Amino acid sequence: MLPSQEPASRSQHKMNVIKENKDIACFYTTKHSWRGRYKRVFSVGTHAITTYNPNSLEVTNQWPYGDICGISPVGKGQGTEFNLTFRKGSGRKSETLKFSTEHRTELLTEALVGRPLHRSSKVAFLSNIVITFSLSCNVNVFAI
């Protein structure tokens with residue numbers, strides 16, 4: 001789908017963007033949705049993960065670290081797809097989005113290691129396995 005064919009609903013709905021968030025690592029990705037596939041700049045920031053439309057650099061989504069339940073590879077081996085799971089609204093319901101990038105390993109490393117986590121989340125490193133715990137979401141285990 002061409003960028004001009006993307007749904008206009010994003011620009012029509014008001015999003016609370018964290019102004020203090022500074023982008024630290026950015027990756028060119030594809031967002032996979034039931035509507036189609038969209039190119040996105042996927043940014044790991046100081047306070048949130050943000051996606052941007054690469055043509056306009058408009059923020060398309062932003063998830064504060066406190067709302068993120070996990071980020072994990074899809075499939076085994078050196079694939080390109082990964083899932084981002086986050087808490088929706090103020091409830092316990094979560095949603096998972098699928099993305100892909102040729103730089104999946106680097107993106108997951110940036111997102112999982114060395115980024116500030118919300119104080120309600122804990123991370124434990126055991127050998128080469130990362131386990132994330134969040135009070136509002138499921139436990140996620142990642143082999144790295």
Side-chain angles (χ1 to χ4, degrees), residues 1 3 6-77 79-144:
M1 182 173 281
E6 290 184 29
S9 61
R10 287 272 183 244
S11 59
Q12 294 171 353
H13 116 274
K14 197 164 193 157
M15 185 184 321
N16 293 327
V17 176
I18 301 171
K19 301 243 186 255
E20 308 82 44
N21 187 57
K22 303 289 183 227
D23 297 330
I24 294 172
C26 296
F27 300 88
Y28 192 61
T29 64
T30 301
K31 178 183 175 188
H32 303 251
S33 102
W34 64 271
R35 291 183 192 156
R37 294 180 181 206
Y38 307 101
K39 296 297 182 187
R40 292 288 179 253
V41 174
F42 187 100
S43 167
V44 177
T46 54
H47 297 282
I49 288 179
T50 307
T51 58
Y52 299 93
N53 178 322
N55 297 319
S56 64
L57 295 181
E58 174 188 12
V59 173
T60 56
N61 275 308
Q62 188 176 68
W63 303 277
Y65 287 114
D67 290 347
I68 295 174
C69 303
I71 185 167
S72 60
V74 173
K76 296 181 180 180
T80 60
E81 295 180 345
F82 65 96
N83 286 331
L84 175 69
T85 304
F86 57 94
R87 189 179 67 223
K88 268 180 91 168
S90 59
R92 293 181 153 244
K93 207 172 192 180
S94 65
E95 183 176 332
T96 299
L97 297 178
K98 183 185 284 187
F99 294 86
S100 63
T101 179
E102 295 297 319
H103 305 284
R104 179 179 80 171
T105 302
E106 294 86 350
L107 185 149
L108 293 175
T109 300
E110 287 292 333
L112 290 170
V113 179
R115 296 296 145 238
L117 294 174
H118 190 271
R119 62 185 158 95
S120 68
S121 300
K122 302 288 181 215
V123 176
F125 293 91
L126 303 172
S127 227
N128 62 343
I129 296 177
V130 178
I131 305 172
T132 63
F133 304 89
S134 177
L135 299 177
S136 58
C137 301
N138 300 329
V139 174
N140 297 295
V141 179
F142 312 104
I144 57 172

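Every heavy atom of this structure was used, including side-chain atoms; hydrogens, water molecules and symmetry mates were not. Given the structure is predicted, the values throughout are model-derived calculations rather than measurements.
Taking all atoms of both residues into account, the shortest heavy-atom contact from Tyr52 to Ser43 is CE1-CB, 3.8 Å. The shortest non-hydrogen separation linking Ala48 to Ile18 is CB-CD1, 4.0 Å.
Every residue meeting the ring-ring contact (aromatic ring centres under 6.0 Å, His included) condition with Phe82, not counting sequence neighbours, appears here in chain and number order: Phe42, Phe99. Take Thr101 and apply the side-chain hydrogen bond (donor to acceptor under 3.5 Å, both in side chains) test, not counting sequence neighbours, and it matches no residue. Residues satisfying the side-chain hydrogen bond (donor to acceptor under 3.5 Å, both in side chains) test with Thr30, not counting sequence neighbours, are Lys39. Remark: His32 engages Arg37, Ser100 in a side-chain hydrogen bond (donor to acceptor under 3.5 Å, both in side chains) (not counting sequence neighbours). Qualifying side-chain hydrogen bond (donor to acceptor under 3.5 Å, both in side chains) partners for Thr96, counting only residues two or more places apart in sequence or in other chains: Thr85.
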**OP:** Given side chain to side chain contact (heavy atoms under 4.5 Å, CB included), test Lys31 with Thr51 step by step and report yes or no.
**Re:** CA-CA 9 Å; Lys31 178 183 175 188; Thr51 58; over 6 Å; no
**OP:** Before giving the answer on side chain to side chain contact (heavy atoms under 4.5 Å, CB included), spell out for Asn61 and Phe86 the whole-Å C-alpha distance, their side-chain angles and the decisive distance to 0.1 Å.
**Re:** CA-CA 12 Å; Asn61 275 308; Phe86 57 94; over 6 Å; no
Original post:
Please walk me through it: do Val17 and Thr50 pass side chain to side chain contact (heavy atoms under 4.5 Å, CB included)?
Top reply: CA-CA 9 Å; Val17 176; Thr50 307; over 6 Å; no
Original post:
Between Asn53 and Tyr38, is a side chain to side chain contact (heavy atoms under 4.5 Å, CB included) present by the stated rule, with each step listed?
Top reply: CA-CA 9 Å; Asn53 178 322; Tyr38 307 101; over 6 Å; no
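For the pair Trp63 and Ile71, the minimum side-chain heavy-atom distance is 4.5 Å or more.
To the nearest 0.5 Å, atoms OG (Ser94) and CG (Leu84) are separated by 10.5 Å. For the atom pair NE2 of His103 and OG1 of Thr80, the computed distance is 11.0 Å after rounding to the nearest 0.5 Å. Atom CD1 of residue Ile49 and atom CD1 of residue Ile68 lie 3.5 Å apart, to the nearest 0.5 angstrom.
For residues 93-104, the salt bridge (charged side-chain N to carboxylate O under 4.0 Å, His left out) pairs, not counting sequence neighbours, are Glu81-Lys98, Lys88-Glu95.
When atom types are taken as modelled, the side chain of Asn21 and the backbone of His47 share a donor-acceptor pair closer than 3.5 angstrom.
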